[in-house]
Amino acid sequence: MAEAQAPQRGGYTEEVSAERLAEIGLRFEVDGEIATIALDRPSKRNAQTFATWAALADIGGNLPEQVRIVVVKGEGPSFSAGIDLRMFTPEGVPGQGSFSSAAQLDTTAFEQQIRKAQQGFLWFRRPEIVSIAAVQGHAIGAGFQLALACDLRIVADDVKFCMKEPALGLVPDLTGTKPLVELVGLAKAIDICLTARTIGAEEAMRIGLAERVVAADDLARAVQDKIAELLSTNRDAAAATKRLLQGARARTLEEQSVAEGVEQARRLKALFGGA
């Protein structure tokens, strides 16, 4: 399958309407340089559907230019319990179909549908933003992968990560496998995925899945503290540095040194070129 590409960032449009998002179970708010995406189906433990992923892609494609920080959180006791179980039934989710109906598509159409869903996760890696997952309670399957799509994960001490897909006969296909391997290593990623076991807060912190663990009541404050720290740095320098860090694994030391020089030349010209 060809690698999915993240939607391009544009200006905020009426396509991402609060009413439409509310029907899907999402909330999107912008306050200056900070955008917040809330999974808002607490009675369903913020389970996700095809519409959830399409709406996330729309948000990414219409993110206001001034936004530097994107926070993803879940309302209620869980971040996200993963895929809406109705998608496993023949009836599926009203107006969205089911896995059964998706399986009837030809290979090309099916892969296009998967790539469409992946668009909702890919854009969180853009260098000009820093994405933070504020995770409490269950982060299962698609919920785990949404947390993995973010740059940073600040978690409550009741967090329960689980890559459930293999236990359901599926594979994780919402862009979660690469960051999982990069964070914890291949052997640990195999263990996590192929056993579908639950990872608590202490282990998540120890193996690199979480940047910080706090009491559930302190999660919002911990996220705000991290936002303040991130906004204290120069916007363009932060984006350039994130680009360097993202490309580091794929480059040799010599290639990375060259990339550092290129980025630094751009920064110096931007800061002092008019002197």
Side-chain angles (χ1 to χ4, degrees), residues 4 7 15-28 36-60 71-105 109-124 133-150 153 155-156 158-177 180 192-193 196-199:
E15 292 180 6
V16 188
S17 70
E19 293 77 13
R20 184 170 71 86
L21 292 178
E23 292 173 2
I24 294 167
L26 287 171
R27 215 173 58 250
F28 176 55
T36 301
I37 299 170
L39 304 172
D40 197 9
R41 297 179 68 207
S43 64
K44 301 294 185 182
R45 294 196 300 170
N46 299 320
Q48 301 175 36
T49 67
F50 293 125
T52 308
W53 305 328
L56 288 173
D58 287 344
I59 290 171
V71 177
V72 184
K73 66 178 186 176
E75 297 296 349
S78 293
F79 178 72
S80 174
I83 296 170
D84 190 317
L85 294 179
R86 291 178 297 172
M87 292 168 68
F88 289 91
T89 67
E91 299 79 16
V93 179
Q96 300 183 50
S98 65
F99 287 137
S100 178
S101 59
Q104 306 310 310
L105 299 171
F110 183 71
E111 290 186 352
Q112 287 175 345
Q113 185 162 341
I114 291 176
R115 285 195 291 272
K116 231 172 131 183
Q118 290 169 338
Q119 300 301 304
F121 292 69
L122 286 167
W123 66 269
F124 291 101
V135 189
Q136 80 284 355
H138 294 92
I140 310 298
F144 191 6
Q145 292 188 78
L146 182 56
L148 287 167
C150 295
R153 283 151 298 283
V155 308
D158 66 349
V159 74
K160 293 178 176 63
F161 288 117
C162 176
M163 198 66 84
K164 191 73 171 178
E165 284 85 350
L168 299 172
L170 304 173
V171 301
D173 67 342
L174 295 170
T175 78
T177 55
L180 182 61
I192 290 169
C193 292
R197 66 182 181 83
T198 298
I199 301 160

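- Side chain of R27 to main chain of A38: no donor-acceptor pair is present (N/O by atom type, distance under 3.5 Å, no hydrogens or angles).
- Listed here is the closest heavy atom pair of D173 and Q118: O-NE2, 2.9 Å.
- In this structure, Q96 and A51 approach most closely via the heavy-atom pair OE1-N, 2.7 Å.
- Atom CG of residue L105 and atom CD of residue E111 lie 11.5 Å apart, to the nearest 0.5 angstrom.
- Looking only at side-chain heavy atoms (C-beta outward), F79 and V72 come within less than 4.5 Å of each other.
- You'll find the side chain of L26 reaches within 4.5 Å of the side chain of L39, heavy atoms only.
- Within the 4.5 Å cutoff, the side chain of F50 has no heavy atoms near those of the K116 side chain.
- Between the Q136 side chain and the S78 main chain, a donor and an acceptor come within less than 3.5 Å of each other.
- A donor-acceptor contact shorter than 3.5 Å is absent between the side chain of Q48 and the backbone of W53.
- Annotation: side chain of L146 is not in contact with side chain of S80 (no heavy-atom distance under 4.5 Å).
- With hydrogens and angles disregarded, a donor-acceptor distance shorter than 3.5 Å links the side chain of Q119 to the backbone of R115.
- Note that the CD1 atom of I59 and the CZ atom of F124 stand 7.5 Å from one another [nearest 0.5 Å].
- The CG atom of L122 sits 9.5 Å away from the CG atom of L174 when rounded to the nearest 0.5 Å.
- One N or O on the side chain of R41 and one on the backbone of A47 form a donor-acceptor pair closer than 3.5 Å.
- Here the side chain of D40 pairs no donor or acceptor atom with the backbone of E75 at under 3.5 angstrom.
- Side-chain atoms of I37 and K73, non-hydrogen and from C-beta on, never get closer than 4.5 Å to each other.
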Would you be so kind as to tabulate the donor-acceptor pairs closer than 3.5 Å made by side chains of residues 158-171, with sequence neighbours excluded?
residue, atom, partner, partner atom, Å
D158, OD1, G137, N, 3.1
E165, OE2, A142, N, 3.4
E165, OE2, Q145, NE2, 2.9

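- The structure places CG of D58 at 4.5 Å from CZ of R20, a figure rounded to the nearest 0.5 Å.
- With rounding to the nearest 0.5 angstrom, the OG atom of S98 is 8.0 Å from the CD atom of E91.
- No side-chain heavy atom of D84 sits under 4.5 Å from any side-chain heavy atom of T52.
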